[in-house]
Amino acid sequence: MQADLIIINEYCQKTNLEPVFFDLLEENDLITIYIEGDERYFPSSELNDLEKYIRMYYDLSINIEGIDVIRNLQSRIQALEDRINLLHQRLKIYESDVF
């Protein structure tokens, strides 16, 4: 078992979340849940994303499918920004030769 796992039931008790929320996230591949014995866990590396999903779902009333769409769009935006930065770096090589 990994050392960086958080017990879902304990997290739910401390944050007043329903454990079924984790099931919805897992069904839509938004988080990973590990099961060992009677306990269910999620990786602490996914905690930041989980907190975003909680705010979107409970504070903004965005359904799980909407959260998935937002996550995919954010991922595509990040990939495009990375590509733009790479192209800017390549362009700088040619600009320095001109001047």
Side-chain angles (χ1 to χ4, degrees):
M1 180 62 62
Q2 298 176 356
D4 65 339
L5 295 176
I6 298 172
I7 299 171
I8 291 175
N9 285 333
E10 288 182 14
Y11 185 83
C12 288
Q13 289 174 349
K14 292 180 182 181
T15 59
N16 296 320
L17 285 177
E18 292 293 325
V20 70
F21 180 67
F22 284 85
D23 297 332
L24 294 172
L25 294 175
E26 183 186 33
E27 287 172 10
N28 288 278
D29 296 324
L30 294 170
I31 65 167
T32 305
I33 293 180
Y34 298 100
I35 300 172
E36 185 173 302
D38 292 338
E39 291 291 344
R40 297 180 334 140
Y41 306 86
F42 70 95
S44 62
S45 60
E46 295 183 10
L47 190 57
N48 287 337
D49 289 336
L50 175 63
E51 290 174 355
K52 288 180 198 174
Y53 303 149
I54 291 169
R55 284 192 301 274
M56 284 189 256
Y57 188 78
Y58 289 103
D59 296 343
L60 301 174
S61 298
I62 299 173
N63 64 17
I64 297 297
E65 292 79 11
I67 292 172
D68 188 33
V69 169
I70 290 169
R71 182 187 61 129
N72 287 330
L73 289 173
Q74 287 175 332
S75 175
R76 291 180 64 190
I77 288 169
Q78 184 61 50
L80 289 171
E81 287 175 348
D82 293 344
R83 180 74 174 148
I84 288 169
N85 288 333
L86 175 67
L87 293 172
H88 275 292
Q89 290 172 359
R90 285 183 170 175
L91 186 59
K92 284 181 183 181
I93 293 171
Y94 296 109
E95 286 177 343
S96 64
D97 290 341
V98 174
F99 299 108

**Student:** Looking at N28 and R71, what are the two nearest heavy atoms and their distance?
**Tutor:**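 Looks like O-NH2, 4.4 Å.
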**Student:** Aromatic rings Y11 and F42: how do their planes relate, parallel, tilted or perpendicular, breaks at 30° and 60°?
**Tutor:**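 Geometry flag for F42 against Y11: perpendicular rings.
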**Student:** Counting only pairs under 3.5 Å, give me each side-chain donor-acceptor contact of residues 74-90, with atom names and distances, residues two or more places apart or in other chains.
**Tutor:**
| residue | atom | partner | partner atom | Å |
| --- | --- | --- | --- | --- |
| Q78 | NE2 | D82 | OD1 | 2.9 |
| N85 | ND2 | E81 | O | 3.3 |

**Student:** Tell me which donor-acceptor pairs under 3.5 Å the side chains of residues 48-64 have, and how far apart each pair is, sequence neighbours excluded?
**Tutor:**
| residue | atom | partner | partner atom | Å |
| --- | --- | --- | --- | --- |
| N63 | OD1 | E65 | N | 3.4 |
| N63 | OD1 | G66 | N | 2.7 |

**Student:** Linking Ile, Leu, Val, Met, Phe, Trp and Tyr by side-chain heavy atoms under 4.5 Å, what else ends up with V69?
**Tutor:**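 Hydrophobic cluster check, V69: joined to L73.
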**Student:** Grab the two heavy atoms, one from E39 and one from N9, that are nearest each other, plus how far apart they are.
**Tutor:**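 Of all heavy-atom pairs spanning E39 and N9, the closest is OE1-ND2, 4.2 Å.
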**Student:** Could you name each residue pair satisfying ring pair (Phe, Tyr, Trp, His ring centres under 6.0 Å) that touches residues 66-87, not counting sequence neighbours?
**Tutor:**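 Sorted result for residues 66-87: empty, none.
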**Student:** Do I35 and F21 land in one hydrophobic cluster if side-chain heavy atoms of ILVMFWY residues count as linked below 4.5 Å?
**Tutor:**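 Yes; F21 is reachable from I35 via cluster members.
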**Student:** Can you pull out every salt bridge (Lys or Arg N to Asp or Glu O under 4.0 Å) where at least one residue sits in residues 11-23? Sequence neighbours excluded, please.
**Tutor:**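 The answer is D23-R40.
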**Student:** Just verifying a value: how many Å separate D68 CG and D29 CG, rounded to the nearest 0.5 Å?
**Tutor:**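 Separation between the atoms: 8.0 Å.
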**Student:** Taking side chain to side chain contact (heavy atoms under 4.5 Å, CB included) as the test, write out the residues that go with S44, two or more places apart.
**Tutor:**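 For S44 the side chain to side chain contact (heavy atoms under 4.5 Å, CB included) partners, ignoring immediate neighbours, are D4, I6.
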**Student:** Going from CD1 on I7 to SG on C12, what distance comes out if it is rounded to the nearest 0.5 angstrom?
**Tutor:**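 It comes to 11.5 Å.
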